Number of protein chains: 2
Amino acid sequence: MFYICSMLSYTEENYLKALLKLSFQNEDKPEAGTNEMAAYLGVKPATATDMLKKLKEKELVTYKKYGKILLTETGKQNGIAILRKHRLWETFLYEKLDFSWDEVHEVAEQLEHIQSAKLVDKLEEFLNFPEFDPHGDPIPKANGEIPTIDKVLLSELKENELCKVVAVKDTSTLFLQYLEKLRITIGTPIKVLERIDFDGSLSIQIAGEEARNVSMKFAESLFVKR
Amino acid sequence: MFYICSMLSYTEENYLKALLKLSFQNEDKPEAGTNEMAAYLGVKPATATDMLKKLKEKELVTYKKYGKILLTETGKQNGIAILRKHRLWETFLYEKLDFSWDEVHEVAEQLEHIQSAKLVDKLEEFLNFPEFDPHGDPIPKANGEIPTIDKVLLSELKENELCKVVAVKDTSTLFLQYLEKLRITIGTPIKVLERIDFDGSLSIQIAGEEARNVSMKFAESLFVKR
DNA sequence: TATAAAAGTTAGACTAGTCTAACAAATATA
DNA sequence: TATATTTGTTAGACTAGTCTAACTTTTATA
């Protein structure tokens with residue numbers, strides 16, 4: 001149970017976090033490839049290969065030449081610790097400092113690397129132990145547990161189904177700003193009025209307002225709870 | 001008035017801050033020497049020389065070989081911006097997250113490098129535009145102005161003078177913890193009962209409690225307002 | 001004022017993280 | 001299954017920031 005190692009560089013932390021995120025994406029098999037990882041981090045594959053050797057040396061990942069990359073338990077816990085910090089800071093920025101949905105990420109990318117166990121725990125307490133961040137993503141607990149919530153994509157609902165927004169799948173600025181324009185936020189109730197099979201678009205009712213059409217791309221970017 | 005440049009590295013920021021701090025210390029002449037600066041930053045003089053060339057290139061300092069180092073106006077404003085962040089974060093940690101006097105500095109050293117103009121200004125607003133940090137040091141305003149307060153060392157007071165603690169000169173953990181033990185904090189009233197000429201020590205009354213002796217070293221580490 | 005001491009600089013080397021270009025292995029497909 | 005494509009690795013180079021060791025300039029002092 002002595003997983004979190006504080007002697008990681010800024011860069012190493014970013015690699016671990018990327019690996020963790022990729023493992024969430026590829027749910028069935030939590031591995032990643034070198035190119036995939038490099039693309040995610042915005043570096044060249046050669047660079048990723050080098051770092052991988054270092055992470056392997058430190059027993060944070062298992063991998064062999066030309067093989068897939070997998071986080072060790074230590075690597076995973078370290079990644080989770082960073083994700084925890086990231087999401088707590090996002091929550092702080094959104095709730096206490098009036099940052100908007102799409103502004104929090106960039107600053108949290110920096111704040112997540114601050115080293116101080118006390119700071120993280122005090123921050124969590126100050127925020128009243130939030131379970132989800134402003135995007136609806138779960139905030140890992142101090143022990144590494146990650147809260148869950150059952151959610152489905154808006155696109156999976158049938159006609160006449162009612163739901164509440166619980167998270168965004170796409171966190172791009174464009175999408176988040178569109179959501180703000182539609183006055184959709186975490187918790188907003190939505191009713192599916194009609195499904196247009198032709199292009200997968202939906203006619204929905206947002207918070208009891210008048211009907212509005214949204215694209216399939218939109219419906220596949222929003223998580224809701226029935 | 002377009003002073004703050006955001007393209008400074010973590011290290012460059014530290015050099016500018018060090019130079020600014022040294023210029024406060026050497027009040028009469030705000031210059032510094034290479035060795036002095038290196039010592040302050042915990043690097044070797046050779047390293048400081050290299051960085052100086054870089055800072056000169058960027059017009060953040062003026063200096064010539066074997067000469068003294070002086071911040072340019074741009075350099076000074078950048079230094080002040082970092083100091084502002086440092087002291088705002090210290091205030092946040094102390095007031096909102098219950099950090100103790102002597103714990104805030106280390107974490108603020110990291111937080112001061114977060115790049116986001118919005119963050120700093122929102123933080124200042126969230127803290128209600130504090131003028132002084134937990135150690136009583138002035139927090140620079142967004143425009144670079146630094147609040148002042150007239151303060152003297154406790155050691156300068158005469159017998160029977162009354163005062164209030166406004167800042168600490170020494171910010172070492174040992175001193176801060178001693179202050180906590182004595183239940184002295186910013187704002188605590190103190191009366192000088194007796195000055196012992198033999199060793200410069202004082203007999204003082206803290207917040208109306210019974211008399212207590214403090215050393216000359218102590219009296220020279222605490223700033224008060226008459 | 002000559003010289004010793006202090007202060008500052010240069011040259012060359014190292015590490016972490018990055019790149020490009022060339023190559024090797026694995027996989028997909030004709 | 002042979003080959004083309006994709007994926008991943010190696011080698012060599014670069015930058016920022018650091019070091020040590022040797023050297024130079026300034027300053028303090030005998």
Side-chain angles (χ1 to χ4, degrees), chain A residues 5-19 22-23 25-26 29-71 75 78 82 109-110 112-113 115, chain B residues 5-19 22-23 25-26 29-71 75 78 82 109-110 112-113 115:
Chain A
C5 99
S6 60
M7 284 299 91
L8 296 176
S9 73
Y10 193 99
T11 312
E12 288 169 331
E13 289 195 346
N14 278 140
Y15 277 82
L16 289 183
K17 192 184 55 162
L19 251 9
L22 290 174
S23 84
Q25 263 170 45
N26 314 346
K29 37 175 74 176
E31 312 159 327
T34 306
N35 286 1
E36 193 185 4
M37 193 171 99
Y40 190 92
L41 286 161
V43 298
K44 301 291 167 186
T47 309
T49 301
D50 284 349
M51 182 54 77
L52 245 21
K53 287 183 193 158
K54 204 155 100 180
L55 294 177
K56 187 186 175 182
E57 195 54 46
K58 293 194 175 185
E59 298 189 46
L60 295 162
V61 304
T62 56
Y63 112 111
K64 52 176 163 320
K65 251 201 198 180
Y66 297 104
K68 290 290 171 189
I69 310 151
L70 192 61
L71 285 168
N78 276 279
I82 299 158
E109 284 286 294
Q110 297 178 61
E112 74 192 5
H113 298 288
Q115 313 263 216
Chain B
C5 104
S6 60
M7 284 297 90
L8 297 175
S9 72
Y10 192 100
T11 312
E12 287 169 332
E13 290 196 345
N14 278 139
Y15 277 82
L16 289 182
K17 193 184 55 162
L19 249 10
L22 289 174
S23 84
Q25 261 170 47
N26 313 346
K29 35 175 80 179
E31 313 160 325
T34 305
N35 286 1
E36 194 183 4
M37 193 171 98
Y40 190 91
L41 286 161
V43 298
K44 300 292 166 183
T47 308
T49 300
D50 285 347
M51 181 55 75
L52 245 20
K53 287 183 193 158
K54 204 156 98 182
L55 294 178
K56 187 186 175 183
E57 194 55 43
K58 294 194 176 185
E59 299 189 42
L60 295 162
V61 304
T62 55
Y63 111 111
K64 50 178 167 317
K65 250 198 195 182
Y66 298 104
K68 289 291 171 189
I69 309 153
L70 192 60
L71 284 169
N78 275 280
I82 299 158
E109 284 285 295
Q110 298 178 60
E112 73 192 4
H113 298 289
Q115 312 265 217

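Each chain gets a letter, A, B and so on, in the order the sequences are listed, and its residues count up from 1. Every value quoted in this text rests on a predicted model; they were computed, and no experiment measured them.
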- Write down the distance between OH (B:Y10) and C1' (C:dA16), rounded to a whole number of angstrom. 16 Å
- Task: May I have the distance from B:M51 (atom CE) to C:dT10 (atom P), rounded to whole angstrom?
- Result: 16 Å
- Check: B:E13 side chain, B:Y10 main-chain N or O, donor-acceptor pair, under 3.5 Å: no
- Message: Check this for me, if you would: do A:K68 and A:E36 make a salt bridge, where the nitrogen-to-carboxylate-oxygen distance has to be below 4.0 angstrom?
- Response: no
- What is the distance, rounded to the nearest whole Å, between atom NZ of B:K44 and atom P of C:dA7? 15 Å
- Roughly how many Å is it from CG in A:N14 to P in C:dA16, rounded to a whole number? 17 Å
- Query: Roughly, in whole Å, what's the span from OH in B:Y15 to P in D:dA16?
  - Reply: 14 Å
- Has the side chain of B:K44 got a donor or acceptor atom that lies under 3.5 Å from a matching backbone atom of B:A38? no
- For nucleotides 8-15 of chain D, read 5' to 3', which letter fits each nucleotide if B means a protein heavy atom sits under 4.0 Å from the base, S means only the sugar-phosphate is that close, and - means neither? BBB-----
- Of all heavy-atom pairs linking A:A48 and A:V43, the shortest is N-CG2, 4.4 Å
- Query: Does A:K17 reach the main-chain N or O of A:I82 with its side chain, forming a donor-acceptor pair under 3.5 Å?
  - Reply: no
- Message: To check you understand the geometry: which heavy-atom pair defines the closest contact between B:H113 and A:Q110, and what is its length?
- Response: O-OE1, 4.1 Å
